[in-house]
2 protein chains.
Amino acid sequence: MTDKNDLKKAGLKATLPRLKILSILEMAGGHLGADDVFKNLVEAGEDVGLATVYRVLTQFEEAGLLIRHNFEGGRSVYEMNHGHHHDHMLCVKCSKVFEFYDEQIEQRQRDIAKEKGFVIEEHTMHFYGVCVGMKKNGKCSEE
Amino acid sequence: MTDKNDLKKAGLKATLPRLKILSILEMAGGHLGADDVFKNLVEAGEDVGLATVYRVLTQFEEAGLLIRHNFEGGRSVYEMNHGHHHDHMLCVKCSKVFEFYDEQIEQRQRDIAKEKGFVIEEHTMHFYGVCVGMKKNGKCSEE
DNA sequence: GTATATGCAAAACTTTTGCATCCTT
DNA sequence: AAGGATGCAAAAGTTTTGCATATAC
């Protein structure tokens, strides 16, 4: 029932499509595009339209349940918002996304913004490269 | 003739569309989308197709003449590659893009990657927020 | 002259929107 | 019952591609 309450708290009706999409995102843990979510729904035999997926993802993002990213490559991906900011490393070989957080950089980012008089609302940092697993033995570090 | 040679050096024929597009990007200095480049061409009375703009921008990127960014919001923007890496601050009020560079962060980024065994090929850092001009007097800091 | 580049139109993708119908509250 | 949510289809935006023609070298 947690999911249901999450939705209520966000001011959204607990409809079937919304619950399903939320559960898919939680299950996946990772970073999914709208089409990935849609594919999951279809595979699960759910009768949910792609348009609804987009609408729901947008609503979830506005409600703060999700975070949307635009990695290099165009299409958007979503991940659950677990409250703690983090940055991303994307492996160009295995396409996996790794998260990290570094307080030293966060602090320096705040200082830089202050110096320039820029008021940061959000910030992103992405590394694109090869993860340790793919580098060492051609096997993804995560599977 | 510099442009012409730039293209030759990059292994690209110095065609009229390519020279025009290169000059537009240099002129603009800033960050243009494919459609912006196309609009510039039309306004200049040049008879260049949008498809060519995309093809040329892709080739320029592959040749290292340009850098392509995917800022939040979807469409790609391009800027000349002047060789020195920098990060970006995007003002959500005036839509201007400001560049900055901080060696302290760059160093820390290298350290983090090393710690994790991640081999960085590229990296980006974006701040989204309000620039000092828009904050202070509702006027962009740059015009 | 030959291979490459271009313009146009059509296609592929991703995301958004209009509208009648359905579902949650 | 009433308003918001959904599915479908159509549209809008961006980027890619096929192909005949034009252009650079």
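The structure displayed is predicted, hence computed values, not measured ones. Letters A, B, ... mirror the listed sequences (proteins, then strands); counts begin at 1.
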Exercise. Of the options Phe71(A), Phe100(A), Phe98(A), which is the one that meets Phe127(A) in a ring-ring contact (aromatic ring centres under 6.0 Å, His included)?
Worked result: Phe100(A)
Please tabulate the protein-to-nucleotide N/O contacts below 3.5 Å involving nucleotides 16-22 of chain C, giving atom names and distances.
unit_1, atom_1, unit_2, atom_2, d
dG18(C), O6, Arg55(A), NH1, 3.3

Exercise. Starting at NE2 of His69(A) and ending at P of dT15(C), how long is that distance when rounded to a whole Å?
Worked result: 15 Å
Exercise. Looking at residues at least two apart in the chain, or sitting in another chain, which of them share a ring pair (Phe, Tyr, Trp, His ring centres under 6.0 Å) with Tyr101(B)?
Worked result: none
For this session: Round to the nearest Å and state the distance from Leu7(A) atom CG to dG4(D) atom P.
Result: 17 Å
For this session: With sequence neighbours excluded, give me every salt bridge (charged side-chain N to carboxylate O under 4.0 Å, His left out) pair touching residues 54-70 of chain B.
Result: Glu61(B)-Arg68(B)
Problem set entry | Leu19(B) CG to dA5(C) P, straight-line distance once rounded to whole Å | 13 Å
Problem set entry | Nearest-Å distance for atom pair NZ/C1', residues Lys39(A) and dC13(C) | 12 Å
Exercise. Quantified as the angle between the terminal helix axes (five pairs each), what is the overall bend of the helix from dG1(C)-dC25(D) to dT25(C)-dA1(D) to 10 degrees?
Worked result: 40°
Protein-nucleic acid N or O pairs under 3.5 Å, nucleotides 23-25 of chain D:
unit_1, atom_1, unit_2, atom_2, d
dC25(D), OP1, Ala14(B), N, 3.3

Exercise. Salt bridge (charged side-chain N to carboxylate O under 4.0 Å, His left out): which pairs involve residues 80-93 of chain B, sequence neighbours left out?
Worked result: none
For this session: Calculate the interatomic distance between Phe60(B) atom CZ and dT6(C) atom C1'; express it in whole Å.
Result: 14 Å
Problem set entry | Euclidean distance, atom CD of residue Gln59(A) to atom C1' of dT15(C) [Å, nearest integer] | 14 Å
Exercise. Would one find a side-chain N or O of Arg18(B) under 4.0 angstrom from OP1 or OP2 of dA5(C)?
Worked result: yes
Problem set entry | Residues in side chain to side chain contact (heavy atoms under 4.5 Å, CB included) contact with Ser95(B), at least two apart in sequence or another chain | none
Exercise. Taking only residues two or more places apart in sequence, or in another chain, which ones meet Glu99(B) in a salt bridge (Lys or Arg N to Asp or Glu O under 4.0 Å)?
Worked result: none
Exercise. Apart from Met80(B) itself, what residues make up its hydrophobic cluster, given side-chain heavy atom links below 4.5 Å?
Worked result: Leu7(B), Leu12(B), Leu19(B), Ile21(B), Leu22(B), Ile24(B), Leu25(B), Leu32(B), Val37(B), Phe38(B), Leu41(B), Val42(B), Val48(B), Leu50(B), Val53(B), Tyr54(B), Val56(B), Leu57(B), Phe60(B), Leu65(B), Leu66(B), Tyr78(B)
Exercise. Going by the side chain to side chain donor-acceptor pair (under 3.5 Å) test, which pairs reach into residues 125-136 of chain B, not counting sequence neighbours?
Worked result: His126(B)-Tyr128(B)
Exercise. How long is the line joining NZ of Lys20(B) and P of dG7(C), in whole Å?
Worked result: 13 Å
Seminar exercise, completed: Those residues at least two apart in sequence (or on a different chain) that pass ring pair (Phe, Tyr, Trp, His ring centres under 6.0 Å) with His85(A) are His123(A)
Problem set entry | Listed partners of Glu115(A) passing salt bridge (Lys or Arg N to Asp or Glu O under 4.0 Å), at least two apart | Arg108(A)
Problem set entry | Interatomic distance, Leu41(B) CG vs dA5(C) P [rounded to whole Å] | 18 Å
Exercise. Any side-chain N or O of Ser76(A) under 4.0 Å from OP1/OP2 of dT14(C)?
Worked result: no
Problem set entry | Stepwise side chain to side chain donor-acceptor pair (under 3.5 Å) test for His88(A) and Glu79(A) | CA-CA 12 Å; His88(A) 295 94; Glu79(A) 65 172 328; 3.3 Å; yes
